[in-house]
Amino acid sequence: MTETEKIGAMLRKNAPPDEEEILSGLIAEFLAGGRRAEMLTGQRYYENEGDILSRCRWQIGRNGERIPGREPASRIAHGFARKLVDQKAQYLFGRPFTIRCEDKGLLSELEAVFDKGMRARMRMLVKEAVNKGVAWLMAVPEGARVRFSLIPSEEVIPVWKDGDRNGTLERVLRLIPMERVERGRSENFFLVQAWDAEGVREYRYEKGRMIPEGEKRAHFFLGGEGMLYERLPFIPFRYNDEELPLIRFIKPLIDDYDLLKSKDSDALGETSGALMVLHNYDGTDLGEFRENLSRYRAVKVSDGGGLEVIGEPVYTDKLLAHLEQDRKDIYEIGRGVDTQVQSVGNASGVAMKFRYADLDLDCAGIESSFAEGFDEIVFFTALFSELFGRGSYEDVRAEMVLNHDIIISESDAIGQCADSGGILSKRTILENHPWVVNAEQELERIREEEAEVGEDDSGDGGSRTGSGTC
């Protein structure tokens, strides 16, 4: 190496990292980090694929060591994670929600966005957020409107300004898993979309290297003209402020419950844990005896010999008590409602609210985070409405009113709505009425009925008067 080459190598070594090196470092850290692994674990347990499914059954070998058993081990997985996650999703979005907006133009735009598919997507967002700590929507232009696509959280690397999750997104890396087949061999890599304020550029990430795929382009195109978003089109919906998934808190309890039930299933009918007394054993050592007993469930003895089994006490009560405590802890820490509790079906309204207190507390935090995400949906909806000349709604506010799917007394709720007449507006009462799906449609029906009553009264010359109530 010449002196010039040495100097060049030193300069390159001490030079600040280029763009590809920075992005490559972010991706390598994300892929190797515990946060992404925890996201995948949360999804795995939601699909009832817990660690218990890899359990091995051991037996005692000739020398007294533990060796893998030939008989299959019981692997009983319990879907606690799925039930808790589904409870939260169903509690928040199991019933139709209402979009409240004073401006009818923006309300019409939002109702076009929140079609049946988008409403179902909101429930999927809750599941994604609870399983992985955070869920992501991406604003995607579609014709003259905007569509919001759900992106798997393990594919998104956000970079926040000053590290503040509640601040501005400076950059987003989206990792799309890809597969390439060459000469009969399959190779996996990531197609990386790097978004920032100046546009988006694609890379191929494989074997720790970033390989550019084309030049940087605009965020989207309108009439053939490249456009840039004022905000990056990625919207987070968090389970909690720390973006911690539910599985972090309940996994040890679920694993303990699964293991105890599986071991108990194996132990039923076996004598491997009992005290055994050998008489005139026709063998050389106890290791051989344990191996023969474990493998063949038989043992050879000499004349007059035998095997006496002193049964160990059955700890059924202790096992059931431990499993019951595990179950209580799972629902306590997971903030859910255990429907196996006998008092649930006979509980009064007050007792039922108390039973739902933990679930309501957890979902209140989710609802707060989703309200922030809804504001971002409103922003992008209004943006595309203005771009295509349907109206400008820069300072118009809108909110999402959820109708919690809790077991309630409908008669009590209806009575409370009726008693609120004259105190609250008709719209507010209708939005909280258990029978009303869409408050705006119900108001329109009331107007139509009042108009029909008015026409009947004016036509027959009578003195009857009609009034609309709710």
Side-chain angles (χ1 to χ4, degrees), residues 42 46 81-102 107 110-111 113-114 116-137 148 150-151 153 165-166 234-250 331-337 352-381 397-408 413 416-417 424 427-434 436-440:
Y46 178 77
R82 187 177 189 88
K83 183 171 182 178
L84 286 167
V85 173
D86 285 350
Q87 270 190 358
K88 301 177 196 302
Q90 192 69 18
Y91 181 78
L92 287 169
F93 289 100
R95 304 184 62 160
F97 57 88
T98 302
I99 298 174
R100 181 185 296 166
C101 182
E102 297 299 328
L107 180 61
L110 289 171
E111 287 180 342
V113 168
F114 281 91
K116 289 184 179 179
M118 182 63 181
R119 288 177 176 267
R121 204 167 295 128
M122 297 303 292
R123 187 167 59 251
M124 294 168 61
L125 267 178
V126 179
K127 296 180 182 181
E128 183 82 359
V130 178
N131 281 328
K132 302 176 182 178
V134 62
W136 291 90
L137 281 184
F148 295 92
L150 176 61
I151 302 175
S153 302
R165 289 196 186 105
N166 296 316
F234 294 87
I235 308 172
F237 292 81
R238 300 179 177 91
Y239 175 40
N240 47 53
D241 293 338
E242 299 79 14
E243 298 182 6
L244 300 177
L246 176 66
I247 197 65
R248 170 175 292 197
F249 307 102
I250 62 174
Y331 282 98
E332 172 77 16
I333 297 173
R335 295 181 177 180
V337 179
M352 189 62 67
K353 287 182 178 180
F354 181 78
R355 178 72 63 187
Y356 273 76
D358 282 344
L359 178 61
D360 190 64
L361 177 67
D362 207 21
C363 288
I366 301 175
E367 187 173 351
S368 177
S369 171
F370 274 46
E372 297 176 12
F374 180 77
D375 287 343
E376 293 295 299
I377 292 177
V378 173
F379 169 81
F380 285 104
T381 302
R397 298 282 299 172
E399 62 177 320
M400 180 173 55
V401 181
L402 302 186
N403 187 8
H404 293 172
D405 192 12
I406 186 173
I407 300 175
I408 61 173
Q416 291 170 2
C417 287
L424 301 176
R427 184 186 299 274
T428 300
I429 294 173
L430 289 171
E431 288 171 346
N432 290 277
H433 199 290
V436 175
V437 175
N438 187 307
E440 190 64 34

S.K.: State, yes or no, whether a side-chain contact exists between Y331 and K83 at a heavy-atom distance under 4.5 Å.
M.R.: yes
S.K.: Is it true that D362 and Y239 share a donor-acceptor pair across their side chains at a distance under 3.5 Å?
M.R.: yes
S.K.: Can you see which heavy atom on Y91 is nearest to which on C363, and at what distance?
M.R.: CD2-SG, 3.4 Å
S.K.: If only atom types and distance count, is the side chain of S153 paired as donor or acceptor with the main-chain N or O of V134 below 3.5 Å?
M.R.: yes
S.K.: Would you say the side chain of F237 lies within less than 4.5 Å of the side chain of E128, judging by non-hydrogen atoms?
M.R.: no
S.K.: Measure the shortest side-chain to side-chain distance between F370 and L92 over non-hydrogen atoms and say whether it is less than 4.5 angstrom.
M.R.: no
S.K.: State, to 0.1 Å, how close F148 and R121 come at their nearest heavy-atom pair, and which atoms those are.
M.R.: O-NH1, 2.9 Å
S.K.: Sub-3.5 Å donor-acceptor pair from the side chain of N131 to the main-chain atoms of K127, do we have one?
M.R.: yes
S.K.: Compare all side-chain heavy atoms of T98 with those of R427 and state whether any distance is below 4.5 angstrom.
M.R.: no
S.K.: Between the side chain of R335 and the main-chain N/O of L359, is any donor-acceptor distance below 3.5 Å?
M.R.: no
S.K.: Roughly how far apart are D241 CG and S369 OG, rounded to 0.5 Å?
M.R.: 8.0 Å
S.K.: Which pair of heavy atoms, one from K88 and one from G334, lies closest together, and at what distance?
M.R.: NZ-O, 2.8 Å
S.K.: For R165 and E243, indicate whether the former's side chain and the latter's backbone hold a donor-acceptor pair under 3.5 Å.
M.R.: no
S.K.: Say you draw a straight line from OH of Y356 to CD of Q87; how long is it, rounded to the nearest 0.5 Å?
M.R.: 7.0 Å
S.K.: For the residue pair M118 and L137, establish whether any side-chain heavy-atom pair is separated by less than 4.5 Å.
M.R.: yes
S.K.: Show, in sequence, the C-alpha distance, side-chain angles and deciding distance for F114 and I377, and conclude whether the side chain to side chain contact (heavy atoms under 4.5 Å, CB included) test is met.
M.R.: CA-CA 10 Å; F114 281 91; I377 292 177; 3.9 Å; yes
S.K.: Between I99 and L107, what is the shortest heavy-atom contact and its length?
M.R.: O-CD1, 3.5 Å
S.K.: Quick check with a 6.0 Å cut-off and a 45 degree axis cone: is R119 positioned over the face of F93's six-membered ring?
M.R.: no
S.K.: Before you tell me yes or no, could you show the steps for V130 and L84 under side chain to side chain contact (heavy atoms under 4.5 Å, CB included), namely the whole-Å CA-CA distance, both residues' side-chain angles and the distance that decides it to 0.1 Å?
M.R.: CA-CA 9 Å; V130 178; L84 286 167; over 6 Å; no
S.K.: Which distance, rounded to the nearest 0.5 Å, do you find between the CG of N240 and the CZ of F249?
M.R.: 6.0 Å
